[in-house]
Each structure stands twice: as structure tokens, then as C-alpha cells.
Amino acid sequence: FSDVRVRQAVSLALDRDDQIKTLYEGRGHYDGILPPGLDSFYLNPLGPDFGPNAKYFKRDVDAAKKLLADAGYPNGLKFPLISTLNAYGPTFNNGLELIIKELKDAGMEATLQPQDYAAYISSTYLGKFDVGKTDGGSMVFGLETPVQEPHLYFFNMYHPSGARNHAGVNDPALTAMIEKE
């Protein structure tokens, strides 16, 4: 997952329209970095202002497979998918099953590794999990508590000192932008 093409392939594999239809009875919005509830800050991934990366929010299985091949996985990618099944309810669990199916359609075999919620929160949620089990690493799927203000989200998730920087993001250019903001 350190290769941007793999992350883009994951995004292209997901069918957000089907997820909204299947899981939320057709009611919902695409999430970008900030949730749609923050109207004055929300940038709709389907809108004209999102820019060239909007293409990664539309399902394109063939493009996902090509990106995987270009990233060195011409026969697909297998990886553990770590999540919890005993905390968020049946809609979350059904969503997890749907994501695993959508990834498989694009050549990504995600093997679910469920964790008890207490173990998940005290380890995986904090970014403490073994990413070396496969060549591609591990994927984690879970929920984040909504934020009320954009700076709290950006700082906490993407600044090296952020309390929710589970992935250990440490990009000097991004850090400078967050601090300037």
C-alpha cells in the first residue's frame, strides 16, 4: 500500500453508488477528506471543483487491474484486512462484506482478520499492527469519530504529532500546509 497506484486501485474497485444503495437505502453522500455535514468545507468528489482525482471515486475495475499490474501485481494482490465485527452493528459488517467482494472483482483478495473491539482499539486503531505479513502490507477498515472543524481532522490524522495519525503519515510538505492552515 506504499505505492500510490495500489491505493488508487483500491479506490477504483469500490462501488460507492452500490454501497449507498445497498447499505443506506439510497440515502447518502460520497465522502472526501471532510464529511458532507461540514457544508462550508465539503468538497464533493463528484463535483466539478474536485479536480482530476475525482476519477478515483468512480468504479472502474479494468483501470484498477491495470494500476495493480503497473505496480507489480499483474496477478492481483492478496492481503489481510483487519477490522472489528462486534462494535458497529450489522450495517458496518455488511459494508465490510461488500467491500471485500468489490476488491475481489478487481483482483484484490482481502482476507478478513476480525479483532475483538477492545483489541482493535488498543492496537490496530493506534497503528500498531504487523504490516509485513504479505508483500503488499495490510489494510485496516474501521470508523472514525466525526470532526466538527477541519483543522482538527487534518492535524489529528495527517500531522506527525496528530493523536489519530494511525498510518504514521510524515510528509513534510503536508505538515507545512497543516501548520500554515
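Counting from 1, the numbers follow the sequence of the chain as shown. Basis for what follows: all heavy atoms, side chains included, without hydrogens, waters or symmetry-related copies.
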Review point. Using 4.0 Å as the upper bound for N to carboxylate O, is an ion pair formed by D70 and K66?
Key: yes
Review point. Side chains of Y88 and N93: closer than 4.5 Å at any heavy-atom pair?
Key: no
**Study point:** Criterion side-chain contact (heavy atoms from CB on, under 4.5 Å) on D171 and Y158, from CA distance to verdict
**Key:** CA-CA 8 Å; D171 180 316; Y158 300 112; over 6 Å; no
Review point. Quick one: do V6 and Y56 end up in the same hydrophobic cluster if we chain Ile, Leu, Val, Met, Phe, Trp and Tyr together by side-chain heavy atoms under 4.5 Å apart?
Key: no
Review point. Side-chain contact, heavy-atom cut-off 4.5 Å: F155 with N165?
Key: no
Check your understanding: Just wondering, do Q115 and S123 contact through their side chains at under 4.5 Å, heavy atoms?
Key -> yes
Review point. Below 4.5 Å, heavy atoms only, C-beta onward: do F141 and I99 meet side chain to side chain?
Key: yes
Exercise for review: Check L68 against A106 and note the closest heavy-atom contact, atom names and distance.
Suggested key: CD1-O, 3.5 Å
Review point. Is there a side-chain contact between M139 and M108 (heavy atoms, below 4.5 Å)?
Key: no
Check your understanding: If you draw a 6.0 Å radius around NE2 in H166, do more than 12 non-hydrogen atoms from other residues or ligands fall strictly inside?
Key -> yes
Review point. Yes or no on side-chain contact (heavy atoms from CB on, under 4.5 Å) for L12 and D62, after CA distance, side-chain angles and deciding distance?
Key: CA-CA 9 Å; L12 287 167; D62 291 335; over 6 Å; no
Review point. Checking side-chain contact (heavy atoms from CB on, under 4.5 Å) for the pair L152/E149: CA distance, chi angles, key distance, verdict?
Key: CA-CA 6 Å; L152 294 175; E149 197 272 327; 3.8 Å; yes
**Study point:** Q8 CD to D3 CG distance, which is reported to the nearest 0.5 Å
**Key:** 8.5 Å
Practice item. State plainly whether one hydrophobic cluster holds both I20 and L143, where clusters connect Ile, Leu, Val, Met, Phe, Trp and Tyr through side-chain heavy atoms under 4.5 angstrom apart. Key: no
Check your understanding: Are the side chain of R164 and the backbone of M157 linked by a donor-acceptor contact shorter than 3.5 Å?
Key -> no
Point to revise | Heavy-atom closest contact (D39 atom, P36 atom, distance) | key: OD1-O, 2.9 Å
Check your understanding: Are L67 and L14 co-members of a hydrophobic cluster defined by side-chain heavy atoms under 4.5 Å apart?
Key -> no
Review point. Is there a donor-acceptor contact under 3.5 Å from the side chain of D60 to the main chain of A13?
Key: no
Check your understanding: Less than 4.0 Å between a side-chain N and a carboxylate O, is that true for D17 and K21?
Key -> no
**Study point:** Hydrophobic cluster membership, I178 vs L38, 4.5 Å side-chain cutoff
**Key:** yes
**Study point:** Heavy-atom closest pair, residues L46 and Y30
**Key:** CD2-CE2, 3.5 Å
Check your understanding: When rounded to the nearest 0.5 angstrom, what is the spacing between NZ in K101 and CG in L96?
Key -> 14.5 Å
Review point. What are the two closest non-hydrogen atoms of N156 and A163, and how far apart are they?
Key: OD1-N, 3.5 Å
**Study point:** Sub-4.5 Å side-chain heavy-atom contact between L98 and N94
**Key:** no
Review point. Can we call the ring centroids of F154 and H159 under 6.0 Å apart?
Key: no
Study note, to complete from the structure: To the nearest 0.5 Å, atom CG of D31 lies from atom CG of N44 at 10.0 Å
Check your understanding: Taking the side chain as C-beta and beyond, is there a heavy-atom pair between K104 and E109 under 4.5 Å?
Key -> no
Point to revise | Donor-acceptor contact present, side-chain S83 to main-chain P114, <3.5 Å | key: no
Review point. Can you list the steps and then say if E102 with V61 is a side-chain contact (heavy atoms from CB on, under 4.5 Å)?
Key: CA-CA 9 Å; E102 292 170 357; V61 171; over 6 Å; no
Check your understanding: Say you draw a straight line from OG1 of T124 to CD1 of I82; how long is it, rounded to the nearest 0.5 Å?
Key -> 4.5 Å
Check your understanding: Can you hop from L174 to F41 via hydrophobic side chains spaced under 4.5 Å?
Key -> yes
Study note, to complete from the structure: Looking only at heavy atoms, the pair that brings F1 and R7 closest together is O-NH1, 2.7 Å
**Study point:** Step-by-step side chain to side chain donor-acceptor pair (under 3.5 Å) determination, S11 to R16
**Key:** CA-CA 9 Å; S11 189; R16 293 163 179 87; 2.9 Å; yes
Exercise for review: Over all heavy atoms of both residues, which pair between A110 and I100 is shortest? Give the atoms and the distance, please.
Suggested key: O-CG2, 3.8 Å
Exercise for review: Please tell me if the side chains of T84 and D116 come closer than 4.5 Å, counting only heavy atoms from C-beta onward.
Suggested key: no
Review point. Above 12 or not: heavy atoms from other molecules or residues under 6.0 Å from CD of E25?
Key: no
Practice item. Fit a plane to each ring of Y125 and Y120, take the angle between them on a 0 to 90° scale, and name the class: parallel (under 30°), tilted (30 to 60°) or perpendicular (over 60°). Key: tilted
